[in-house]
Amino acid sequence: MIFSSKSKLEQHVINLKGKTVNSLLGGKEFDKGKGAIGQIIEREGFGMANNNEARPDFDNLGIELKILPLKRTAKNDLTVKERTKICSINYVKLIDEHWDHSHAKNKLQEILFVFYEYNKVDPSNSTIIDYLFFQLENSDEPLIRSDWERTRGLVEKGLAHELSESQNVILAASRSGAGGLSEDKWDVQPNNSQKARKRAFSLKPSFTKVLWNEVRDPNGYDTILSLQKYKDYKELENIILERINKWQGKSLADFAEYHGLEGGSSKNSSATIVRAALGFKGKQKKIKEFEQLGLTVKTTPCRSSDLYPFEAMSFPFQPLGEIQEEDRFDESQFYTYLQGFLFIPLLRDSREEKDLWNVYFGKAVIWRPTHKELVSIQMEWESINQTIKEGVILTRKPARTRKGYIMLNNLPGEKDTNYIHMRPHGRDSDDIDESYEKATITKQCFWFNKKLIQNILKSKTV
DNA sequence: GGGTGATCATGA
DNA sequence: TCATGATCACCC
């Protein structure tokens, strides 16, 4: 189908809203398989032959078409299901490209996103929900560009084999092609005889999730851009850190007083501190950039002498039944949490110190795991994964608790690892993980080791 | 003091 | 009500 104008195209999309894949097919057979729904919507909804061409899908309008699946969460919310592939990376050609004429930018210039709800039970009943015209120049080009430059820079240095999804913030260099692809099928890279995995530029789910949320609720976010302009990721990071680190050395009580927050720990949640420090007033909206970048904010109580945290840092409940189905770290639930972190150390001399006048801000840092760190975390994850697959072994041990005993398990603990470990995280010891059949075990989750957090805080505190 | 399972507290 | 961030409290 060819549309003579953008408004004609838009009218066409509006008419597709609410249609199911089945109704588009109009009796034709539903062909299952990876990416099938996207292809059907392109073919039946827009009369587009399957193509791999470099030219935009709507060539005369310069608009690319992306079909984006949404999934229902456990809380019955609709959220982005997966990353959106933009284009394959050719390592050799990449280093000769400049952003302004790059293949990636070309593809990103203007995109028509068509959101559909993926129906897990009956994929052929998946439904088109909404659409969005995305324009790079009116969007987050500075951040996307710095991702692209970072990747290009690494490839130029002969480090294509060290690329990883999490080193970029929006436009990731993600693995493409089959998972089990053997090394001889990898690509050659410039300036290094070692081959590198095939990768593609793709938009991370944290970014497209924000696009989708803005379609649903155009006023749902506060944005740092409303406070200050920034030209790339580094500068955005600096704005965030500067505004928070203005408080370095000041007490929490000072902070609360200045911002008119009531005393008491409840008002000192990470989100409240960050919003106040950045200068947002009023309603507790989410901050757009934090969502886009997948930045998790953590306030970490630490010993003032050496920045050693009093506690390890927990992640959400990890159903063991789900992790035992996972074979690849970089496709695991846990991996998605490792996008990036803003740590705000709250220092005190002893763990017992409760007086907010004696708890003060340390130096906040933003951390994203490096390739090396990811490799180490992966090894520890694999060991945990293996223990779970083999079946966690529990032993009962007498203790003066409510029940008169505690349950020990053989999952790697904090002393066995350098980065991550697993520990209980339920409401109480009766809060059992129902997803796991190999043992009756309280809900568990991943934790960052204290030593890891200390190293992060220290390395950036020179 | 550090490691670990258990549990509190809070906000959506 | 429940998931989650945060912390407690027991043991070594």
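In what follows, every heavy atom counts, from backbone to side chain, and hydrogens, waters and symmetry copies are set aside.
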Phe310(A) CZ to dT7(C) C1', in whole Å, measures 12 Å
Any base atoms under 4.0 Å from Met407(A), or only sugar-phosphate, or nothing? Heavy atoms, all strands. sugar-phosphate
Nearest to the side chain of Tyr308(A) - dA6(C), dA6(B), dG3(B)? dG3(B)
Nearest of dC11(C), dG2(B), dA9(C) to any side-chain atom of Arg351(A)? dA9(C)
Shortest side-chain distance from Arg303(A), nucleotide among dG1(B), dA6(B), dG3(B): dG1(B)
In whole angstrom, what separates Asp431(A)'s CG from dG5(C)'s P? 15 Å
Where the side chain of Asp428(A) is concerned, which of dT7(B), dA6(C), dC11(C) is the nearest nucleotide? dT7(B)
Under 3.5 Å, is there a donor on one side chain and an acceptor on the other for Glu353(A) and Ser350(A)? no
Considering only side-chain heavy atoms of Ile406(A), which listed nucleotide, dG5(B), dA6(C), dT7(C), is closest? dG5(B)
Name the nucleic acid region contacted by His425(A), choosing base, sugar-phosphate or nothing; use a 4.0 angstrom heavy-atom cut-off, strictly under. base
Euclidean distance, atom CG of residue Asp433(A) to atom P of dC2(C) [Å, nearest integer]: 16 Å
Just by distance, do the side chain of Ser126(A) and the backbone of Asn119(A) share a donor-acceptor pair under 3.5 Å? yes
Atom CG of Leu411(A) and atom P of dG3(B) are separated, to the nearest Å, by 17 Å
Rounded to whole Å, the NE2-P distance (His421(A) to dG2(B)) equals 15 Å
Along DNA chain B (nearest heavy atom to each residue), the more 5'-positioned of Met422(A) and Asp306(A): Asp306(A)
Can a side chain N or O of Lys443(A) be found less than 4.0 Å away from OP1 or OP2 on dA3(C)? yes
Between dT4(B) (C1') and Trp447(A) (CH2): distance, integer Å: 10 Å
Sorted by position of nearest nucleotide on DNA chain C, 5' first, the leading residue of Thr401(A) and Gly426(A) is Gly426(A)
Measure from the side-chain N and O atoms of Ser226(A) to the backbone N and O of Asp222(A), and report whether any donor-acceptor pair falls under 3.5 Å. no
Judged by each residue's nearest nucleotide on DNA chain C, which is more toward the 5′ side, Pro398(A) or Pro424(A)? Pro424(A)
Polar side-chain atom of Arg423(A) near backbone of Gln444(A) as donor-acceptor pair, under 3.5 Å: no
In whole angstroms, how far is the C1' atom of dC8(B) from the CD atom of Glu311(A)? 13 Å
For the residue pair Glu331(A) / Tyr335(A), report whether a side-chain donor-acceptor contact shorter than 3.5 Å exists. no
Return no unless some side-chain N or O of Lys397(A) is found under 4.0 Å from OP1 or OP2 of dC11(C). no
In whole Å, what is the span from the CZ atom of Arg423(A) to the P atom of dC10(C)? 16 Å
Please report whether the ring centroid of Phe255(A) lies less than 6.0 Å from that of Phe361(A). yes
Remember a base hit wins even if backbone is also touched, and classify Arg396(A) as base, sugar-phosphate or nothing at under 4.0 Å, heavy atoms. nothing
Closest to side chain of Lys450(A), choosing from dG3(B), dC10(C), dA6(B): dG3(B)
